Asks: 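Once you've had a glance at the structure underneath, I'll fire off some questions.
Every number for a ligand or one of its atoms is a count from 1 in the order of the listing. As the structure is a computational prediction, the values presented were derived from the model and not from experiment.
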Amino acid sequence: MSTKEKLEQLKQKRAKALLGGGQDKIDKIHSQGKYTARERIQLLLDPGTFEEYDAFKLHRCYNFGMEKIKFFGDGIVTGYGKLAGRPVYIYAQDFSVLAGSLSGTLAEKICKIMDLGMKNGIPVIGLNDSGGARIQEGIEALAGYTEIFTRNVLASGVVPQISGVFGPCAGGAVYSPALTDFIIQVKIQSYMFLTGPKVVKTVLNEDVTTEQLGGAAMHTTKSGVTDYAAENEDDAIQYIKDLMSYLPQNNLENPPDAPCDDPITRRSELLNDIIPDNPNAAYDMKKVITETADNGIFFEIKKNFAPNIVIGFARYGGKAIGIVANQPSYYAGVLDIDSSIKGARFIRFCDCFNIPILTFVDVPGFLPGTAQEFGGVIRNGAKMLYAYAESTVPKVTIITRKSYGGAYCAMSSKHLRTDINYSWPTGEIAVMGSKGAVEVLHAKGAKAAEDPRAFLAEKENEYNEQFSNPYCAAERGYIDDVIEPAETRYRIINAFESISGKRDTIPMKKHGNIPL
Ligand code: HXC
């Protein structure tokens with residue numbers, strides 16, 4: 001073959017590889033309103049930056065006549081590119097080839113870019129859309145999945161790992177996204193479950209649809225598996241881009257700064273009025289976040305799961321910050337099993353990747369009751385304590401109102417190695433709320449009193465004056481200052497600036513044993 005012919009051969013092979021499972025399969029994908037794997041990659045990455053690897057790779061299976069069914073790339077597109085100018089490794093399962101089902105070869109392609117990501121400190125983004133294990137390959141497919149899971153675990157805390165779920169993701173395949181840091185699912189067209197509706201019907205005689213069992217709506221509200229339910233593929237891709245803008249490349253780098261045109265001394269007079277005089281009235285903690293963050297932008301995560309706690313990213317003075325906040329407008333911002341799991345996992349993510357943590361506190365306590373105790377609120381609530389105590393990133397806490405009991409301890413209190421703790425003058429820091437406290441302390445007195453209600457009301461007033469304020473904690477240095485709400489933005493930025501060079505450690509150990 002002449003050189004010219006060899007070049008022509010490359011061109012032809014490349015053209016064939018670009019067609020994946022063939023034009024008819026691509027047309028079918030488009031007719032369903034979906035993008036192909038390659039289109040998803042092009043939309044996500046900066047134009048012209050994608051370098052594909054293993055485009056000519058073929059499977060090695062001879063079972064069930066598979067030697068006759070071979071497509072270049074074997075059901076997945078993998079490679080390297082740039083997202084907002086920063087390198088990423090990416091894979092996208094190609095549904096046009098045997099429904100993107102996972103062969104040993106396909107797994108090798110994923111493992112290759114994961115290994116490169118880990119070695120080079122570059123995030124890995126996986127776009128899932130697959131019929132699961134390639135049935136004809138049997139154990140090869142299972143081995144391949146498990147090799148991927150192992151790498152997901154080894155890469156955890158080394159480089160950010162993001163999963164988009166754009167189509168089917170069933171059986172053991174769900175465990176790769178589950179082991180990554182964030183999952184973004186496209187509404188209606190994607191689903192994730194261990195066993196599908198048919199098996200559920202056979203085993204449990206339950207009737208359930210694919211959407212009910214594993215759709216984005218379910219996973220973002222009930223199971224908490226998924227972080228964001230995207231309206232469509234474009235929305236999912238935009239969310240991944242926005243999310244990445246807050247993350248560092250790896251655990252040895254800091255998150256990227258952004259230019260800040262929002263004055264750092266900007267006051268918010270609205271915050272001086274946001275706390276209602278009635279201690280049981282609600283207000284929206286997200287307003288406190290948007291009033292204080294750069295340009296009012298808050299990138300929320302897991303919005304619809306356990307909304308009594310709010311998590312996400314924002315910038316303060318251009319610096320990326322992870323935010324954890326009780327939400328008084330949902331179940332009074334109480335801590336329970338789900339909100340503890342949600343909060344703790346996010347805190348640990350931020351700590352892995354050097355993202356400082358800002359905590360806003362308005363919490364009446366942990367939720368009581370049999371459902372919570374039977375469900376292990378002790379074990380799960382402990383996750384919050386564990387996550388905050390082990391974290392070594394800069395930490396700032398603002399108490400806006402209630403901070404009671406165990407929830408005071410758990411919400412980034414000074415005693416969990418938090419660097420700067422401020423309270424608004426409306427802070428109420430005590431073992432418990434006045435009503436409950438007085439009923440315990442003055443039960444006998446109330447019985448003996450002529451007018452028990454008036455007696456208890458008077459005692460409640462006494463308790464509130466003595467305890468339901470920030471000054472008892474401030475006297476002891478557990479609160480570093482009581483600040484005017486309107487100046488919160490400036491105080492947060494200043495606080496983080498003062499501790500930006502923080503160096504803290506945990507004792508040498510193999511790893512801790514967080515209560516799971
Ligand atoms: C091999 C598969 C396949 C698979 C689909 N195909 N799934 N080939 N292994 N797992 C092939 C089909 O035969 C078909 O080939 C082509 O892909 C497109 O599939 P369709 O069924 O025509 O597409 P669609 O109607 O869109 O349905 C997609 C689907 C369905 C919902 C994914 O194909 C399906 O239910 N597949 C089986 C899913 C499954 O049971 N997977 C195993 C899960 S167990 P042709 O040649 O006709 O185009 C598992 C264990 C993992 O994953 C454990 C890890 C630890």
Asks: Around atom NZ of Lys34, are there more than 12 heavy atoms of other residues, nucleotides or ligands at under 6.0 Å?
Replies: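 Count over threshold, so yes.
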Asks: Take a 6.0 Å sphere around CG of Asp24 and say whether it holds more than 12 heavy atoms from other residues, nucleotides or ligands.
Replies: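 For Asp24, atom CG is crowded (more than 12 foreign heavy atoms under 6.0 Å).
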Asks: For atom CD1 of Ile378, is the number of surrounding heavy atoms from other residues, nucleotides or ligands below 6.0 Å larger than 12?
Replies: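 No.
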Asks: Start with the C-alpha gap between Phe496 and Tyr316, add the side-chain angles, then the distance that decides, and say whether ring-ring contact (aromatic ring centres under 6.0 Å, His included) holds.
Replies: CA-CA 9 Å; Phe496 277 119; Tyr316 284 80; 7.2 Å; no
Asks: Which atoms form the tightest heavy-atom contact between Thr418 and Ser412, and what is the distance?
Replies: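 So the two residues come closest at OG1-OG, 2.8 Å.
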Asks: Would Lys287 count as a cation-pi partner of Phe360, with NZ or CZ less than 6.0 Å from the six-membered ring centre and within 45° of the ring normal?
Replies: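 The answer is no, since Lys287 fails at least one limit relative to Phe360.
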Asks: May I have the N/O to N/O pairs between ligand 1 and the protein that fall below 3.5 Å, each with atom names and distance to one decimal?
Replies:
from     : atom 1 : to     : atom 2 : distance (Å)
ligand 1 : 9 (N)  : Ile135 : N      : 3.1
ligand 1 : 10 (N) : Gly131 : O      : 3.2
ligand 1 : 10 (N) : Ala133 : O      : 2.8
ligand 1 : 17 (O) : Ala99  : N      : 3.3
ligand 1 : 41 (N) : Gly131 : O      : 2.7
ligand 1 : 48 (O) : Lys25  : NZ     : 2.4
ligand 1 : 52 (O) : Ala133 : N      : 2.9

